Amino acid sequence: METQNNWVARSLQHVWHPCTQMQHHETVPLIPVSHGRGIWLYDMDGKRYLDAISSWWVNLFGHANPRINAALKDQLDKLEHAMLAGFTHAPVIELSEKLSALTGNALGHSFYASDGASAVEIALKMSFHAWRNGGQTDKQEFICIQGSYHGETVGALAVTDVSLFREAYGPMLQRAHVVASPDARLARDGETAADVALRAAADLERVLQEREGKVAAVIIEPLVQCATGMAMHDPIYLRRLRELCDQYQVHLIADEIAVGCGRTGTFFACESAQIWPDFLCLSKGISGGYLPLSLVMTTDAVYQAFYDADVRRGFLHSHSYTGNPLACRAALATLAIFEDDNVIAANRQKSQMIASAFAGLKEDTRVKHVRQQGMIFAFDAVVDDPAKASTFSRRFFSAALEQELLMRPIGRSVYLMPPYILNEEEITSLAQKTMNVFEEVMA
Ligand SMILES: *Cc1c(COP(=O)(O)O)cnc(C)c1O
C-alpha cells in the first residue's frame with residue numbers, strides 16, 4: 001500500500017496548493033485526506049481530524065452526509081448538467097423559489113455562478129450596469145470596508161482590503177474607496193460596539209457626500225468580516241448603512257458568502273438587522289460544502305432595469321457551469337435539512353454551549369477580544385515577541401493536528417467555525433482540545 005509520505009511527495013511535485021507559500025511545506029505538514037465522515041476527516045494513515053473550520057467554512061452538515069449524498073445520487077441519474085441559457089431545469093427553479101421565499105420575496109431573482117469571487121463580480125457589474133441602463137453613467141465607483149475580503153479575482157480583489165492578498169497586484173486593480181471599519185475591537189475607552197459602528201458609519205457618510213453621484217455601490221460582509229480575522233460589528237452598522245445607501249441612492253451589496261446559511265444565527269446575516277440589501281451574494285455553505293456553487297440574489301427593481309428589447313441592456317454575463325443541476329440539488333438538500341431539523345433554533349443552543357465551554361477564557365490574560373456571533377467563535381492571542389507572533393498561526397495549526405483538530409488561526413485570531421452537527425459532548429471536547437493546543441503554543 002502506498003504510504004502517506006508518498007502521497008505528500010506526489011502532491012508537492014505536481015499540485016500547486018492555494019493560498020500557500022509552497023516552501024513552508026518543508027516544515028508544515030501537508031495532510032492527504034482519504035475520506036470524511038460527519039465532523040471528521042481521515043488521513044491516509046487512518047489518523048482523524050475534527051474539522052473545526054468546516055473545510056474553509058463550506059461544510060455545514062458534515063462530510064458524507066447521508067441526506068445530501070442520496071439527493072446527489074438521485075440527481076446523477078437524471079441530469080448532471082445542461083446549459084442555463086435557453087434551457088432551465090427543476091433544481092435551479094426550485095432553489096431560486098426557495099431562496100426568494102426566505103427573503104419574503106424581497107430578493108426574488110437569483111443569478112448563478114460557481115465560486116464566491118464570481119458572485120461578487122456579478123454583483124459589482126450588475127450594480128454598475130443597472131445604473132447605466134437607468135441613464136446614471138457617472139455612478140462608477142465602489143466603496144468597501146477596511147479589512148474587507150471579497151475574493152481573489154481581479155474585480156473582487158479591487159474591493160478587498162487585506163494587503164497580504166492585494167499588494168502584489170495593486171497596479172492591476174481599479175481600487176475602491178476604503179472606509180472605516182465598524183470592528184467592535186476598535187472601541188476606545190468607554191465606547192460600546194454600537195458607538196464604534198456609528199463612528200464608522202459617519203466615515204462612510206463623509207465619502208458618500210464627497211463622491212455624491214459617483215458611487216454605484218457599497219459592499220460589506222454583514223456582522224462578521226471573516227477573512228481579516230473574524231472582526232465583528234454591531235448590527236446597527238447595517239441599519240445605518242441601509243439608510244445611507246437609500247439617502248445617497250447607492251446600492252448595498254451584502255457579501256454573505258461566509259456569513260450566510262445560518263452561520264451568524266439567522267439564515268441570512270442581514271436578517272439580524274432587519275434590512276435587505278440590493279444584492280446578496282451566497283456561496284460556500286449553500287451547497288453544504290459539496291459542489292462549487294454561488295449566486296447573487298437581487299430585487300425586482302434591479303431586474304427591471306435590465307428587462308428590455310435591446311440585447312445590450314441585458315446582463316450578458318455567464319459561466320459554463322452556471323446553475324449546475326448537481327450543485328443546485330446539493331443546495332436543495334442542504335435547505336431541506338435546515339427545515340427538517342429546525343437548524344436555526346438548534347444552532348442557538350449550540351452557540352450557547354460553545355460560549356459556556358469557553359467561559360474560562362474571559363479571565364485569561366493571554367487572551368483578548370473573546371467574541372462570538374452564532375456559530376463563529378474567536379479570540380485573539382496576546383503574543384508580545386514579534387518572532388513568535390509571526391509564526392503563531394502555523395505553530396497552532398501543527399499543534400492542533402496532534403490533538404486531532406483541524407484549525408488554522410488567522411494571524412493571532414484563533415477561531416472556530418464548526419459544522420452544525422456537533423453535539424454537546426463534541427463541543428466540550430473541542431473546547432478542551434483547543435485550550436490544550438493554546439497552552440502548548442503559548443508555553
Ligand atoms: C470565501 C469568500 C469569498 C470568495 O469566495 P471563493 O469561492 O473563494 O471565490 C468572497 N467573500 C467572502 C466574504 C468570503 O468569505
Side-chain angles (χ1 to χ4, degrees), residues 16-20 53-60 111-127 142-162 164-166 169 173 176 178 181-183 217-233 237-238 241 252-264 268-270 277 279-297 317 319-322 324 327 330-331 334 373-376 378 408-411 413 415-417:
W16 196 336
H17 292 270
C19 201
T20 300
I53 56 170
S54 300
S55 284
W56 255 356
W57 320 344
V58 300
N59 187 292
L60 302 188
F111 192 98
Y112 290 84
S114 317
D115 57 79
S118 301
V120 166
E121 301 214 359
I122 286 164
L124 298 174
K125 282 177 69 179
M126 262 188 191
S127 167
F142 294 93
I143 297 178
C144 65
I145 317 294
Q146 221 170 51
S148 58
Y149 179 89
H150 297 291
E152 313 271 352
T153 55
V154 172
L157 209 49
V159 289
T160 287
D161 184 47
V162 178
L164 178 66
F165 300 139
R166 204 194 55 220
Y169 312 102
L173 309 176
V178 181
S181 166
D183 182 352
V218 180
I219 184 165
I220 181 151
E221 299 153 82
L223 294 186
V224 189
Q225 292 179 305
C226 297
T228 196
M230 304 299 156
M232 301 184 183
H233 57 253
Y237 187 77
L238 301 174
L241 180 56
L252 172 53
I253 302 173
D255 175 350
E256 297 219 6
I257 289 166
V259 296
C261 301
R263 186 50 78 179
T264 62
F268 297 109
C270 281
F279 300 92
L280 192 150
C281 305
L282 280 186
S283 188
K284 293 206 162 98
I286 186 63
S287 72
Y290 267 68
L291 286 161
L293 179 69
S294 69
L295 58 105
V296 178
M297 302 171 69
H317 183 107
H319 297 281
S320 312
Y321 284 96
T322 296
N324 174 259
T334 301
Q373 182 70 60
M375 293 297 278
I376 305 175
R408 284 172 46 124
I410 300 169
S413 296
Y415 74 91
L416 299 175
M417 214 196 263

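Just follow the structure's listing: the first ligand is 1, and inside any ligand the first atom is 1. Computed from a predicted model, the values in this text were never measured in an experiment.
- Within the structure, the salt bridge (charged side-chain N to carboxylate O under 4.0 Å, His left out) test picks out no pair touching residues 143-160 (sequence neighbours left out).
- Within 4.0 Å of atom 8 (O) of ligand 1, not a single protein heavy atom is present.
- The nearest non-hydrogen atom to atom 11 (N) of ligand 1, considering only Asp255, Ile219, Thr160, comes from Asp255.
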For the pair His233 and Leu238, evaluate side chain to side chain contact (heavy atoms under 4.5 Å, CB included) and give the outcome as yes or no after the intermediate values. CA-CA 9 Å; His233 57 253; Leu238 301 174; 3.9 Å; yes
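- A distance-only check finds a donor-acceptor pair linking the side chain of Thr334 to the backbone of Gly288 [under 3.5 Å].
- The side-chain contact (heavy atoms from CB on, under 4.5 Å) test applied to Ser118 returns Ala113, Asp115, His319, not counting sequence neighbours.
- Residue contacts with ligand 1 include Trp57, since one or more of its heavy atoms lies under 4.0 Å from the ligand.
- Residue contact check: Gly116 has heavy atoms under 4.0 Å from atoms 4 (C), 5 (O), 6 (P), 7 (O), 9 (O) of ligand 1.
- For ligand 1 and Lys284, the ligand atoms under 4.0 Å from any heavy atom of the residue are 1 (C), 2 (C), 3 (C), 14 (C), 15 (O).
- Within ligand 1, the atoms closer than 4.0 Å to a non-hydrogen atom of Ala258 are 15 (O), numbered from 1 in the order shown.
- Contacts between Tyr149 and ligand 1, counted as non-hydrogen atom pairs separated by less than 4.0 Å, involve both the backbone and the side chain.
- Residue contacts with ligand 1 for Glu152 are absent, since no atom lies close enough (heavy atoms, distance under 4.0 Å).
- With rounding to the nearest 0.5 angstrom, the CD atom of Glu256 is 13.0 Å from the CZ atom of Arg263.
- When each atom of ligand 1 is checked for a heavy atom of Glu221 under 4.0 Å away, the hits are 13 (C).
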Verify side chain to side chain contact (heavy atoms under 4.5 Å, CB included) between Tyr415 and Ile410, making sure each step is shown before the conclusion. CA-CA 8 Å; Tyr415 74 91; Ile410 300 169; 3.8 Å; yes
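- The ligand atoms of ligand 1 that sit less than 4.0 angstrom from a heavy atom of Ala117 are 4 (C), 5 (O), 6 (P), 9 (O).
- Only the side chain of Ile257 comes within 4.0 Å of ligand 1, counting heavy atoms alone; its backbone N, CA, C and O stay farther away.
- Within ligand 1, the atoms closer than 4.0 Å to a non-hydrogen atom of Gly151 are 4 (C), 10 (C), numbered from 1 in the order shown.
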